[in-house]
Amino acid sequence: MANKASEPAAATGAPNTPSDFVRDIVIAHVAEKRYPRIHTRFPPEPNGYLHIGHAKSICLNFGIAREFGGVCNLRMDDTNPTKEDVEYVDSIIEDVKWLIRGWADDRLGLKPKGKFPVAQTVNGKNDFYLGPVTGASEVPLEPFYASDYFDQTYEYAVQLIKKGVAYVDDLSAEDTDKYRGAPDRPGQESPFRNRSIEENLDLFVRMKNGEFPDGARTLRAKIDMTSPNVWMRDPVLYRIRHAEHHHAGAKWVIYPMYDFAHCLSDYLEGITHSICTLEFEVHRPLYDWILEQLDLPRPLPHQYEFARLSLGYTVMSKRKLMQLVNENLVSGWDDPRMPTISGLRRRGVTPEALRDFAYNIGITKYNGITDVSVLEYCIREDLNRRALRRLAVLRPLKVVITNYPEGQVEELEAVNNPEDPGAGKRKVPFSRELYIEREDFMEAPPPKYFRLRPGGEVRLKYAYIIKCDEVIKDAAGQVVELRCTADLGSKTGGPTAARKVKGTVHWVSAAHAMDAEVRLYDRLFTVPVPDASGDFKQHLNPHSLEVVTAKCEPGLKDARPELRYQFERLGYFTLDQDSTPDRRVFNRTIALKDTWAKEARKSA
RNA sequence: UGUCCGGUGGUGUAAUGGUAGCACAAGAGUCUUUGGAGCUCUUUGUCAUGGUUCGAAUCCAUGCCGGACAGCCA
């Protein structure tokens, strides 16, 4: 056991509650009773599958909701119909629920299907609000959608125009670019910047009505073209897109930009802490500006930024992950080699392991690269506790026990999980002909090799000590079979059971073995930072997937997809969805630590 | 040569003016019917220079280095 709890739990007063600068801020706000309730949100754009970097954000946002008695809304940030799709919406919902189940699912804020913000009066002012539903509900629920707020967003845009702080611009995209200037050079005002409010109003309505083609005009905030912050140089608020929206349908041909929609979505939902990644830091003045221009009666949300996750030996951007999928370099978004949540799930990683990982890496504003070994450690630690031990041979080598009677079968007792006595025991059949791992025999082994060699002895796990008498080879000189004799008194409880033998080896009875397809995964890339320069795909690991036919103990016929298995001495495995009743398919989630491999590498 | 944000062992993070700690990684040992797990131990760090202070990783100044930002993407 690590000397720290794997689960943060402020609510129960557990000692190892996560602590970071974001939570420090929340703690201060709770202390001063700044908000009636802490309300966060997780707002992915449905333009790809969620990855482990999103998992970090989910754990932060739902973790805060959980620790401070708040709510975390799941919201689709879907303001760009040309890039989004319901396939992604569905996968996001599944992944989020999977990751927080049994941990923060009671903090998940959803809303009744089809419900929109409702008009209300607060302090004599007009307002819109859409609150969350948590827990069980009699009506069907769905996530929040930024696209459900298009009516309100439009309304707010009109308010900005009436106030004289937004205008319709006729500049082309190219010219908008030119007029913006550069970070170290001020921009210039658009010739359309000083239209009358009436003209702006008229033009904006006509934009909405579809009178203009894509790109013909935009609605822009009127701020300051000379601002040192490029995002304050009259940012675009609305653009024209004659495209059907996956959620809003065909109602709109103008769509709000992220900066305009996001702060308003936060406000409409009553979000208090809008937590995002560092690249939005320069957008924060705009976030605040928009909300402050509108005369909003309720407390305004505030934005806080933290460093996104970078993991070694993988890529994290949705664009690059999509490239791997589209170019068939992986089997799909849920390929077990992908850093996606669905890929990790299929690989056999549990939500607990992912949450533990998120806890361990912390939250800061420093952009570093996290070592994959941290993830691997969290996965192993979790699986070591829960995995059922089984015997399986990945690369079989036949062994005949010459002094063991032909036709005899013994049912030997094997421990299911030494870490968990409650997991019980099982029987595995033993007979004269067995398979052992090819790697567990060497004709001319290097020093410190503890396994089988000609004339040497090794313990068969849960069975006998055997001695290798004869090595049988084929015409090509390949070792194809070993002839051994067993010390028949060396079985557990036997007279010579206590004899010390250096090595213990796993095995499977040949006659009883079940064949299974086993997929062995390795890291997807060969270098720590594949996208450091050039084409990241040139660093793909050609050996990231190896498929073998393994010999498994017969009990593995009953393997269940929700369980985790350790094939002893090899690694952790889980049943893949490609399994059929006739053919089991296992994914290797992760190999066991292999100090022998390290030793062998050292001497090589 | 713009604005904003950062810089603590190899990596990631803590210490919020008072003993630089934790985890991973690495190494040594112990134990073991998994070369797994466990247990014990070890190596390695405050970007630099000044200043404030009894005392600075922490506050101030300057410098250096790194990141983000110039989509009608999010």
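In what follows, chains are A, B, ... by sequence order, proteins preceding strands, each numbered from 1. Computation of the quantities below employed the complete heavy-atom set of this structure, encompassing side-chain atoms and omitting hydrogens, waters and symmetry-equivalent molecules.
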Asker: Could you tell me whether a side-chain N or O of A/Asn47 sits under 3.5 Å from a main-chain N or O of A/Lys83, the two making a donor and an acceptor?
Answerer: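 Judged by distance alone, no pair lies under 3.5 Å.
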Asker: Kindly point out which of B/A23, B/A70, B/G35 is positioned nearest to the side chain of A/Val230?
Answerer: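 In terms of side-chain proximity for A/Val230, the closest of B/A23, B/A70, B/G35 is B/A70.
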Asker: Determine if A/Trp596 stacks with B/G35; use a centre-to-centre distance below 5.5 Å and an interplanar angle below 30° as the criteria.
Answerer: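 Yes, A/Trp596 stacks on the base of B/G35.
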Asker: Taking only side-chain nitrogens and oxygens of A/Thr364, does any of them come within less than 4.0 Å of OP1 or OP2 of B/U13?
Answerer: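 Checking B/U13 against A/Thr364, a side-chain N or O does come within under 4.0 Å of OP1 or OP2.
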Asker: Side chain of A/Asn360: nearest nucleotide among B/G35, B/A37, B/A23?
Answerer: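 Per side-chain heavy atoms of A/Asn360, the pick is B/A23.
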Asker: Just jot down the ring pair (Phe, Tyr, Trp, His ring centres under 6.0 Å) partners of A/Phe192, sequence neighbours excluded, or say none.
Answerer: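 With neighbours one apart ignored, the set is empty.
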Asker: So, is A/Lys318 near the phosphate of B/C73, with a side-chain N or O under 4.0 Å from OP1 or OP2?
Answerer: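 No, no such contact exists.
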Asker: Kindly say if A/Arg241 contacts the phosphate of B/C73, meaning a side-chain N or O under 4.0 Å from OP1 or OP2.
Answerer: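 Checking A/Arg241 against B/C73: at least one side-chain N or O falls below 4.0 Å of OP1 or OP2.
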Asker: Pick the nucleotide of RNA chain B nearest each of A/Lys500 and A/Glu84; which residue has the one closer to the 5' end?
Answerer: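 In this pair, the answer is A/Lys500.
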Asker: Check this one for me: any side-chain N or O of A/Lys448 less than 4.0 Å away from OP1 or OP2 of B/G35?
Answerer: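 No, no such contact exists.
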Asker: Let's see if you can work this out: which of B/A74, B/A14, B/C24 has an atom nearest to the side-chain heavy atoms of A/Asp20?
Answerer: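 Per side-chain heavy atoms of A/Asp20, the pick is B/A14.
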Asker: Which nucleotide, B/G12, B/G36, B/U16, lies nearest any side-chain atom of A/Ile361?
Answerer: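 Closest of the options to the side chain of A/Ile361: B/G12.
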Asker: Counting heavy atoms from C-beta on, name the nucleotide in B/C69, B/G27, B/G36 closest to the side chain of A/Leu592.
Answerer: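 Out of B/C69, B/G27, B/G36, the nucleotide with an atom closest to A/Leu592's side chain is B/G36.
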Asker: Is there a residue in residues 219-228 of chain A whose heavy atoms reach under 4.0 Å of RNA chain B, and which residues are they?
Answerer: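 Those residues are A/Pro228.
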Asker: Hey, are the side chains of A/Lys56 and A/Arg308 touching, using non-hydrogen atoms and a 4.5 Å cut-off?
Answerer: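 They are not in side-chain contact.
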Asker: Hey, does the side chain of A/Tyr258 come within less than 4.0 Å of B/C73's phosphate (OP1/OP2), counting only N and O?
Answerer: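 A/Tyr258 to B/C73 OP1/OP2: no side-chain N or O under 4.0 Å.
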Asker: Which residues satisfy the salt bridge (Lys or Arg N to Asp or Glu O under 4.0 Å) test with A/Lys502, sequence neighbours excluded?
Answerer: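 Here no residue qualifies.
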Asker: Tell me which residues in residues 173-187 of chain A put a heavy atom below 4.0 Å from RNA chain B, sorted by number, or none.
Answerer: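 Within this stretch, A/Ala173, A/Thr176, A/Asp177, A/Arg180, A/Gly181, A/Ala182, A/Pro183, A/Asp184 sit under 4.0 Å of the strand.
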Asker: Considering every strand and a 4.0 Å limit on heavy-atom distances, what is the contact class for A/Thr492: base, sugar-phosphate, or nothing?
Answerer: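 If one applies the 4.0 Å heavy-atom cut-off, A/Thr492 turns out to touch a base.
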Asker: Heavy atoms within less than 4.0 Å of RNA chain B: which residues of residues 51-59 of chain A have one? Give them sorted by number.
Answerer: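 By residue number: none to list.
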Asker: Can you tell me if A/Tyr366 is stacked onto the base of B/G7, using a 5.5 Å centroid cut-off and an angle below 30°?
Answerer: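 Per 5.5 Å and 30° rule: no stacking.
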Asker: Take atom CE of A/Met76 and atom C1' of B/A74, then tell me their distance rounded to the nearest Å.
Answerer: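 Those two atoms, CE and C1', are 14 Å apart.
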Asker: For B/A14, does OP1 or OP2 lie under 4.0 Å from any side-chain N or O of A/Ser19?
Answerer: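 No, no such contact exists.
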Asker: A/Asp78 and A/His246: side chain to side chain contact (heavy atoms under 4.5 Å, CB included), yes or no, with the steps?
Answerer: CA-CA 9 Å; A/Asp78 55 350; A/His246 60 93; 3.4 Å; yes
Asker: For B/U34, does the base pair up with any side-chain atom of A/Arg569 as donor and acceptor (N or O, under 3.5 Å, distance only)?
Answerer: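 By the distance-only test, no, there is no pair.
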Asker: Counting only side-chain nitrogens and oxygens, does A/Lys365 get under 4.0 Å of the OP1 or OP2 atom of B/A68?
Answerer: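 Answer no for this pair, as no side-chain N or O of A/Lys365 is under 4.0 Å from OP1 or OP2.
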Asker: So, is A/Arg239 near the phosphate of B/A74, with a side-chain N or O under 4.0 Å from OP1 or OP2?
Answerer: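 So the side-chain polar atoms of A/Arg239 do come within 4.0 Å of the phosphate oxygens OP1 or OP2 of B/A74, strictly under.
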Asker: With rounding to the closest Å, how many angstrom separate the C1' atoms on B/G9 and B/U42?
Answerer: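 Their C1' atoms lie roughly 14 Å apart.
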Asker: Would you write out the dot-bracket form of RNA chain B, 5' to 3', with Watson-Crick and G-U pairs under 3.5 Å, [ ] for crossing pairs, | for pairs to other strands and . for unpaired bases?
Answerer: .((((((..((((....[..)))).(((((.......)))))....(((((..]....))))))))))).....
